[in-house]
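Ligands are counted one by one from 1 in listed order, and the atoms in each one are counted from 1 as well. Small disclaimer: the values here were computed from a predicted structure and weren't measured. In this chain, numbering begins with 1 at the start of the sequence shown.
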Amino acid sequence: MKSIPELIKEGEGGNVEFKEFLSRGFHLKRKERRESLASQMKYRLNLGSGTAVYILGVQDNGTPVGLIRGKLEESLEVIEEIARGVGLSIKETEVVKNNGRLICRVTISRERLDKNHLLIATAGHVDHGKSTLIGTLISGILDNGNGKTRAFLDTLKHEIERGLSADLSYAVYGFTSSGRVIYLSNPLSKKSRADVVARAKKLVSFVDTVGHEPWLRTTIRGIVGQKLDYGLLVIAADGGITSITKEHLGILIAMDIPVIIAITKADRVRDIYALEREIDELLSLVGRVGKRIRDERDIRQLCSLSNLSVLVPVVFTSAKTGLGMELLHRLFYSLPERPGLDFNAEFMMYIDKVYNVSGVGLVVSGSVKQGNLKVGDTLYLGPDYSGTFHEVRVASIELHYYSVESAQVGEIVGVALKGYKGEVRRGMVLTYKKNLKAVKSFEANVAILNHPTRIAEGYEPIIHLETISETVTLEPLEKDFLAAGDRGRVRMSFKYSSYYIEEGMKFIFREGRSKGIGVVTRVNSSITTH
Ligand SMILES: Nc1nc2c(ncn2[C@@H]2O[C@H](COP(=O)(O)OP(=O)(O)OP(=O)(O)O)[C@@H](O)[C@H]2O)c(=O)[nH]1
Ligand SMILES: [Mg+2]
C-alpha cells in the first residue's frame, strides 16, 4: 500500500483537486454547486490532457484528515454523478488509511476511452453496392444480388421502388470488448440500434450516401457536413472506376478524410484482382498508396503506422458470398479514431436535419463537430434569417435512438430543444458561445479544380461548408479572373442568407461541372450582418 505523501505527490500537477468531503445534500442538490463542481472537473481535465485527479479526505492546503467509510462512499457517489453529467467516468480509485480514516485518490477521464466510436461515410458510383455492403455488415445477413440487404438502409418509398438511395441513411453496429461483432438483430428496428449502442464497447456509425449523379449535393453533404473518421469508397468489380468514383474520391481527399476502398460484387467477375492496377493509378494521382488487406497481419501492420491518411486499405468483398466481410469487421475493430478530434473545445454542431416530433417538439440532428454536450445545458441556436441566435435548452439527446445524457465530438445525435419556436434550417449552428455573429461574406483561399472558362467577379457557384449549402457570389481579390488549376484569394458572399462560419473551415464549391476547394481565411466582423 502506498503512503499518504506518495498518494498525494503522485497526483501533483494542474489536474489535481483536493476535497475533504463531498456531500450529497450540499453538492448534488444545489444546482449552482453542482454546476461549479462540473466546470471545475472539466477545467482540471483540460489541464491534465483528458485526466483529472481528485484526492478525497484532504483539505485544500493538502493536509490529510481522512474520512470514515460512509463519508468516503458518499463523496465518491457525488464525484461519479458529476462526472457522468459531463460525459466522464471514474477510471480508478486508490485508498490508503490515515489514523483509522481513509484517503482516496480518484482518477477521472472521458467515457470515450471506454467506448471507441468510428464514423464512416460511404461513397461511390450508383448501384456499386454501398447500401448493400453496409446492410450486410450490420446484420450479418448475406445479400441475394437483388437488393435484399440494401433494404435495411433504403427505407423511403421511392427508394424501394426505384432501387436507388435518395437521401443519407444512418446505420450502426458494434463490437464487444473482446472484438466480437454485435450485429443488429433487426436492422429496421430502432430498439435494435439502441441495444447495440448500449452493449458495444466500440461503435461504428455509417452515413450511407447516394451515387446517383443528380444528387451529388446530398453526397457532398454526407461527406462535408459530418465529422468523419474514414470514407469508405465502394467500387464494383464488374463496374470499375467511373467519373463518379473519381469525383467522390476527390471530395474525400479535399476534405482530408482518410479513405478505405471496398471492391464489391467480387462474385460477379472471374478475375477479382483485375482492378487493382487501375486503383493504384487512381490513388497515385491523389498522392495515396493502396494496400491490399488479405489477413489480420496486414491489418495489424496498417494500424501500427502513424500516418494512415497516405495508405489506403483495399478490401475485396462480396455481400453475396460474404467474401471480405470478416476482414472489414476486423479492420473497423482495429482502426483508431481519427486523430485531432477536439474533445476539449466548446461544443458545436451544425444542424443537418430538423424534425418536429409529436410529444417532444423540436429535434435537430447533426454530427458533433467539437466538444461535448449534456442534457439540461443552455445553448444558442442560429443564425436565423435575420442573423439572430436564440437561447435554447437541451431537453434530451439520442444516439441511434439510444437516450444518452451527453454527446461528444464525432457522434451523430438527435437533440431535443426547448425554448425556441421559430424556424430552424440546415446550416444553423448549435453552440455554447453567446453573441456569435452571422456572417454574410468572407475571404478564402481557393483552388479551381475544374472550370471550362474563366472565373471572374459575379460568378455564382454553390458552396458546401459543414452542412451549409448555398449560392455564393465570388470575387477574385488579387487577379481579375481565375482559371482551372489556379489558386487565389477571393471574397465570397452568401447570396440569400447569412451563416455562422469560422476561419480555417474547409469547403467545396460547384457549379455544373465546375469545381473548386477552399479554406476560409478571414471572417471580418465589419462584413457581418449584426
Ligand atoms: N451479386 C452481387 N450483387 C450485389 C453485391 N452488392 C450489391 N449487389 C446488388 O447491387 C444492387 C445495387 O446495390 P446498392 O447497395 O443499392 O448500391 P448503392 O451503391 O447503394 O446504390 P445508390 O445508393 O443508389 O448509389 C442491388 O441489387 C444489390 O443486391 C454483391 O456483392 N454481389
Ligand atoms: Mg445506396
Ion pair [X]/[Y], N-O distance below 4.0 Å:
X	Y	result
Lys291	Asp280	no
Glu247	Lys515	yes
Lys374	Asp377	yes
Arg199	Asp195	no
Arg294	Glu326	no

Just which atoms of ligand 1 are under 4.0 Å from any heavy atom in [X]?
X	result
Asn146	27 (O), 29 (O)
Leu164	24 (O)
Ser318	31 (O)
Lys320	1 (N), 31 (O), 32 (N)

Tyr183: partners by ring pair (Phe, Tyr, Trp, His ring centres under 6.0 Å), with sequence neighbours left out: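 By the ring pair (Phe, Tyr, Trp, His ring centres under 6.0 Å) rule, Tyr183 matches His329.
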Please test Tyr170 against Phe206 for ring pair (Phe, Tyr, Trp, His ring centres under 6.0 Å), starting from the C-alpha separation and ending with a verdict. CA-CA 6 Å; Tyr170 302 94; Phe206 293 103; over 10 Å; no
If you measure every N or O of [X] against every N or O of ligand 1, does any of those distances drop under 3.5 Å?
X	answer
Asp154	no
Gly129	yes
Arg268	no
Thr317	no
Gly211	yes

Within 45° cone of Tyr420 ring axis and under 6.0 Å: Arg393 NZ or CZ: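 Judged by the rule, Arg393 and Tyr420 form no cation-pi pair.
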Check each heavy atom of His128 against ligand 1 and say whether those closer than 4.0 Å belong to the side chain, the backbone, both or neither.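 Contact part for His128 vs ligand 1: backbone (N, CA, C, O).
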Location of contacts on Val126 toward ligand 1, heavy atoms closer than 4.0 Å: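 Near ligand 1, Val126 shows its backbone as well as its side chain.
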May I ask you to decide if Leu153's main-chain N or O and Ser169's side chain share a donor-acceptor pair within less than 3.5 Å?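 Here the side-chain-to-backbone pair exists.
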If we ignore hydrogens and angles and just use 3.5 Å, is the side chain of Ser498 paired with the main-chain N or O of Lys440 as donor and acceptor?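 Checked: no pair found.
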May I ask you to identify the nearest protein heavy atom to [atom], giving residue, atom name and distance to one decimal place in Å?
atom	result
atom 31 (O) of ligand 1	Ala319 N, 2.8 Å
atom 10 (O) of ligand 1	Lys265 NZ, 3.0 Å
atom 16 (O) of ligand 1	Arg150 CD, 2.6 Å
atom 15 (O) of ligand 1	Thr132 OG1, 2.5 Å
atom 21 (O) of ligand 1	Asp127 N, 3.0 Å
atom 26 (C) of ligand 1	Gly147 N, 3.7 Å
atom 1 (N) of ligand 1	Asp267 OD2, 2.8 Å
atom 3 (N) of ligand 1	Gly145 CA, 3.5 Å

Do you know which two heavy atoms are closest between Glu460 and Thr473, and how far apart they sit?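 Minimum heavy-atom separation between Glu460 and Thr473: OE2-CG2, 2.9 Å.
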Residue pair [X] / [Y], side-chain heavy-atom distance below 4.5 Å:
X	Y	answer
Thr218	Asp167	yes
Phe316	Arg292	yes
Ile141	Thr136	no

Could you establish whether Gly124 and ligand 1 come within less than 4.0 Å of each other, counting only heavy atoms on the residue side?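 Flag not set, Gly124 not near ligand 1.
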Check for me: within less than 2.8 Å of the Mg ion (ligand 2), which protein N/O/S atoms show up?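 Listed by chain and number, the nearby protein N, O or S atoms are Ser131 OG, Ser165 OG.
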Given ring pair (Phe, Tyr, Trp, His ring centres under 6.0 Å), test Phe494 with Phe442 step by step and report yes or no. CA-CA 9 Å; Phe494 292 113; Phe442 58 93; 5.7 Å; yes
Candidate with minimal heavy-atom separation from atom 28 (C) of ligand 1, of Thr264, Asp143, Val210: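 Checking each option, the heavy atom nearest atom 28 (C) of ligand 1 is found in Asp143.
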Going by atom types only, do Asn450 and Ser514 share a side-chain donor-acceptor pair under 3.5 Å?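 No, no side-chain donor-acceptor contact under 3.5 Å.
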